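Reading through the structure tokens given below for one structure.
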Number of protein chains: 2
Amino acid sequence: MSDRPAKDKLFDAFASVAKVLGSGRRAEIVDVLAQGERPVDEIAEEIGQSIANTSQHLQQLLRAGLVRTRREGTRIHYRLSGTAVTRLWAAVREVASEHVAELDELAEAYLGDRAALDSLTRTELTNRMAAGDVVVLDVRPEREFRSGHIPGAVSVPVGELAGRMKDLPHGRIIVAYCRGQYCVFADEAVRTLREQGMPAVRLEEGYPEWAEAGLPVEAGAPRKSGAPG
Amino acid sequence: MSDRPAKDKLFDAFASVAKVLGSGRRAEIVDVLAQGERPVDEIAEEIGQSIANTSQHLQQLLRAGLVRTRREGTRIHYRLSGTAVTRLWAAVREVASEHVAELDELAEAYLGDRAALDSLTRTELTNRMAAGDVVVLDVRPEREFRSGHIPGAVSVPVGELAGRMKDLPHGRIIVAYCRGQYCVFADEAVRTLREQGMPAVRLEEGYPEWAEAGLPVEAGAPRKSGAPG
DNA sequence: GTGGTATTCAAGTGAATACTTGAATACGAC
DNA sequence: GTCGTATTCAAGTATTCACTTGAATACCAC
């Protein structure tokens, strides 16, 4: 028949990829890195874990091949090792949203009630962008905007939105987007804008899905005055 | 800031999906079920584990939502709960093949050297099928053929191939396919055919990928004489 | 060289995991 | 009802895992 030990080893190798995503904290890390590379301390902050623990999770992702590193002086920047990883992470979320019973509750507990929040799909947004009747708003932290964003989008991190509302053009619908379907930033932005009477909706998914779909992207751009290159 | 406990729970839920694929034996189960539904004892046989252990793995897949069951008398048939699971499994293999260093060795240890074996992609096969210059050969176990196959394919399980070689039409190239890229059946079939001087190549991927790509499929068909419905 | 910071390593603890064995349950045949 | 088979459950063991704490390493600035 077939070579059982060799087959087991081969499938253990496949499984090692899934296994490393099988921890909520590592999943959060992958979700963050899907927005662009990050040094260890920022990742730790983002997932709410100690630096030592975060470092160990990163080592595991590294050993499994899902991430790569780049040294810059004393800091080590981690990034996803390729777009296949982005697709894998998307596939995990898709299966969870279709087949995990409690997911809706958990999502609502984290994101709040979305019933009142309209959203646009990617195609709807591209159509309206072509028609020129929308303002696209990137509400992620600025470094994520800098590492890649939807062309023409304005960067206003959600924390600064309340103070910069006047800068936004009037008379057009504002479409806010962030890290993905399960990211709170765009929801928060839409609620803030609506409270001020501005017409706002969110993009259903986030930047990684936009880029993965092969739609045009832009990088670099707005640099805070005084920030070094 | 953000609601840390709720976020952790949400990402733990995503991770639970990946976690359940993070065992080589469960990965093998998913790979088998990608060919169609199966009762517990056959799955156990297929993955080389005890029935009790296999049952427990199946319970885990069930709790995670990746599979569903159907009772038929005393037997319980398991199947994948949807095509999203097929895509997830494909994404896992893709990441592994791109980013897991040892995968090539492990695959070669299980499959043998493929250097001498030509293969066709799905598109190449559809073109040649349209041109009518190939015979398509399904070398999986017959029950898998019955639960779905490439239209016009001939079913000859690899174990019976040596004895049924004369039945195959001559003068056209034979394209053998099986469960997927990491399945030995088609390789074995191509080697057997070549040894007898018949022109044979394998389809690069397998039936699940063909079906997932939206290409036409056919089900039912050849029933052994005497076998019940 | 010294001092400071970013990251990794090592050791320890409590919980979860994979597999085994043997018993319990659920259905079909009679 | 009894018997036989398919599947699941329960208990036990050796291993692996996530996180903590505190120390070690690697680079930069001086």
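Just so you know, these numbers come straight off a predicted model, no measurement behind them. Below, read A as the first sequence line, B as the second, and so on, with proteins coming before strands; counting in each chain starts at 1.
Distance Arg26(A) CZ to dC17(D) P: 9 Å, rounded to the nearest Å. Whole-Å rounding puts the Arg38(B) CZ to dT7(D) P distance at 12 Å. The nearest whole Å value for the distance from the CZ atom in Arg25(A) to the C1' atom in dC17(D) is 14 Å. The nearest whole Å value for the distance from the OH atom in Tyr78(B) to the P atom in dT7(D) is 9 Å. Rounded to an integer number of Å, the gap from Glu42(B) CD to dA6(D) P is 11 Å. The distance between atom CZ of Arg63(B) and atom P of dC9(D), rounded to the nearest whole Å, is 8 Å. Rounded to an integer number of Å, the gap from CD of Glu45(A) to C1' of dT5(C) is 17 Å. Rounding to whole angstrom units, CZ of residue Arg75(A) and P of dC28(D) are separated by 13 Å.
Between the side chains of Gln35(B) and Arg140(B), at least one donor N or O lies within less than 3.5 Å of an accepting N or O. When only modelled atom types and interatomic distance are considered, His57(A) and Arg26(A) share a side-chain donor-acceptor pair under 3.5 Å.
By the 6.0 Å and 45° rule, Lys9(A) does not stack over the aromatic ring of Phe11(A).
If you check dA18(D), dT7(D), dA6(D) against the side chain of Thr74(B), the one that comes closest is dA6(D). For Arg71(A), taking side-chain heavy atoms from C-beta onward, the closest of the listed nucleotides dC9(D), dA10(C), dC27(D) is dC27(D). Comparing dC19(D), dT7(D), dT8(C) by their nearest atom to the side chain of Asn53(A) picks out dC19(D). Listed candidates were dA10(C), dC27(D), dA10(D). Nearest to the side chain of Gln56(B) is dA10(D).
The base of dT7(C) has none of its N or O atoms less than 3.5 Å from a complementary donor or acceptor on the side chain of Gln59(A).
Sorted by first and then second residue, the pairs that involve residues 78-88 of chain A and meet salt bridge (Lys or Arg N to Asp or Glu O under 4.0 Å), not counting sequence neighbours, are Arg87(A)-Glu212(A), Arg87(A)-Glu94(B).
Using a 4.0 Å heavy-atom distance criterion, Ile51(A) is classed as a base contact. Among the heavy atoms of the strands lying under 4.0 Å from Gln60(A) are primed sugar atoms or P, OP1, OP2 only; no base atom is included. Using a 4.0 Å heavy-atom distance criterion, Gln49(A) is classed as a sugar-phosphate-only contact.
Map Gly73(B) and His57(B) each onto its nearest nucleotide of DNA chain C; the residue landing nearer the 5' end is His57(B).
The environment of Glu45(A) atom CD is sparse: at most 12 non-hydrogen atoms of other residues, nucleotides or ligands sit within 6.0 angstrom.
Of the charged side-chain nitrogens involved, none lies within less than 4.0 Å of a carboxylate oxygen, so that Asp31(B) and Arg179(B) do not count as a salt-bridged pair. A salt bridge between Glu37(B) and Arg68(B) is absent, with no side-chain N of the basic residue lying under 4.0 Å from a carboxylate O of the acidic one.
The end-to-end axis angle of the helix from dG1(C)-dC30(D) to dC30(C)-dG1(D), rounded to 10 degrees and based on five pairs per end, is 40°.
A close approach under 4.0 Å does occur between a side-chain nitrogen or oxygen of Lys19(B) and OP1 or OP2 of dT17(C).
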